Amino acid sequence: MRITADNERCIGAGQCVLTAPDVFDQDDDGLVTVLAPEPGAGLTDAVWRAGDLCPARAITVHED
Amino acid sequence: MTHADPMVVDFPLRKPGEAFPPPRYTTYREQEGLVLSYLPNGNKCWLVTRHEDVRAVFTNPKISSNPDHKGFPNISETMGVPKQEQIPGWFVGMDSPEHDRFRKALIPEFTVRRVRAMRPAIEETVDKLIDELLASGNSADLVADFALPVPSLVISALLGVPPVDRDFFESRTRTLVAIRSSTDQQRDTATKELLRYINRLIDIKSKWPQDDLVSRLLATGTIAPHELSGVLLLLLIAGHETTANNIALGVMTLLQNPQWIGDDRVVEETLRFHSVADIVSLRVAVEDVEIAGQLVRAGEGVIPLVAAANHDEKVFACPHAFDPSRTDRHHVAFGYGMHQCLGQNLVRVEMEIAYRKLFERIPTLRLAVPVEELAFKHDVVLFGLHEMPVQWESS
């Protein structure tokens, strides 16, 4: 599983940070930054949930 | 595809004395396509009720938030979205890219980290209000004496209002909300006084910048001072009554379901269960667009009903049960898409601290009247409680 985030789309709602704090953070502008682009299997659920919760659909989960 | 005979329903959707969300929403969700209604001004508007469709509306670029567009569904003269010529900087009523300039400037002020740093100050504010409750005797109106002042004081601190002015700020914001005990003229005067105060604050911060939200926004240079007063008024109005209603309704619900007292998951479930901002997000189609298989013409209003979406049984098991143990957090109480509530993480923290401190410090708290006799807000935009008489044992 690989994660990319588009901080042009990001609206800084912070849902990803609340849902998967080991994977996502907000930079000084409050926009998404990916801490763990290839998170371990234990985080799969949280990452999918973060992707679904993102109101700007700025998170993409690649299953490769 | 389009449905020839959509269900047509009366507006307003809420009726005094009935449960909220209205039981009819279940029937609306079961309809194919969308439900049609006509606003008091005769404008046609489509009601969107299923979770999936509500999310789709919030993210569709053919659907606008701008009240300048023909057919925008302002639900009455006074309950709608102000235009830019009325309140410049009211970016809730803007689309991309105009909207993004405001949102981007404000995002850093409301990050998860920034809100976490506000916790000690919020705890202090809540503690002080509880001190005052306890000092005043053994009964109170939890709305006027607690639920409303919490967000008002938090927002005034956020905006950099000096402590000596916070009582003034709180009393004027309270007048705005007290629709039953204040007159139109009193509310109009309170709005003018707040705007005058906000303008003076901007003036002071532009001359003597400090480390606060107003000074930082001015320093970005992306928001003009005349727009900034609209932005600040928006932050105040968007964060005040909404939060207060969630605090009061959450406390009421905890008193009915005391097994959940002390469980922080109550915050998320209160947001979903009560969905106080049901009919706040107003939209208009700017191109012909299909929603849930229904053709919506350009110039027709679209109103996503977030309380209906948050009680969609296809998404939330037993949606009418208050169950903080739910693991699904994807309610749309804060909307969805680029307008999703900017202050949502601040609201969550305010609610959490308010519930925790209140029940820790006043464990004998109880309603002074039966739930059925509480004055629910069926007559204003946001759902909530006008008053909430409570009592406790003197210690």
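Computed from heavy atoms alone, side chains included, the values below leave out hydrogens, waters and symmetry copies. Just so you know, these numbers come straight off a predicted model, no measurement behind them. We name chains A, B, ... by the order of the sequence lines, and we start the count at 1 in each one.
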* **Student check: side-chain heavy atoms of A/Asp29 and B/Ile107 closer than 4.5 Å** => no
* To do: Answer yes or no: are there more than 12 heavy-atom neighbours, outside B/Arg116 itself, under 6.0 Å from its atom CZ?
  =>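 At most 12 heavy atoms, drawn from other residues, nucleotides or ligands, come within 6.0 Å of this atom.
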* To do: Give a yes or no on whether B/Glu52 atom CD has more than 12 heavy-atom contacts from other residues, nucleotides or ligands under 6.0 Å away.
  => no
* Asked: Using non-hydrogen atoms and a limit below 4.5 Å, what part of residues 324-337 of chain B faces chain A?
  ->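 Heavy-atom contacts from residues 324-337 of chain B to chain A are B/Thr327, B/Arg329, B/His330, B/Tyr336, B/Gly337.
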* Would you mind telling me which of B/Thr111, B/Thr59, B/Leu106 has the largest number of heavy-atom pairs within less than 4.5 Å of chain A? => B/Thr111
When rounded to the nearest 0.5 angstrom, what is the spacing between [atom1] in [X] and [atom2] in [Y]?
{"X": "B/Asp100", "Y": "A/Arg9", "atom1": "CG", "atom2": "CZ", "value": "11.0 Å"}
{"X": "B/His339", "Y": "A/Ile11", "atom1": "NE2", "atom2": "CD1", "value": "9.0 Å"}
{"X": "A/Glu8", "Y": "B/Lys104", "atom1": "CD", "atom2": "NZ", "value": "5.5 Å"}

* **Short side-chain donor-acceptor distance under 3.5 Å, A/Gln15 and B/Gln344** => yes
* State, to 0.1 Å, how close B/Arg348 and A/Leu18 come at their nearest heavy-atom pair, and which atoms those are. => NH1-CD1, 4.1 Å
* Part of A/Asn7 within contact of chain B (heavy atom distance under 4.5 Å) -> backbone
* To do: Would you check, one step at a time, whether the test side-chain contact (heavy atoms from CB on, under 4.5 Å) holds for A/Asp25 with B/Arg113?
  => CA-CA 9 Å; A/Asp25 199 359; B/Arg113 198 172 286 118; 2.6 Å; yes
* So which of A/Cys10, A/Pro55, A/Ala13 has the biggest tally of heavy-atom pairs under 4.5 Å with chain B? -> A/Pro55
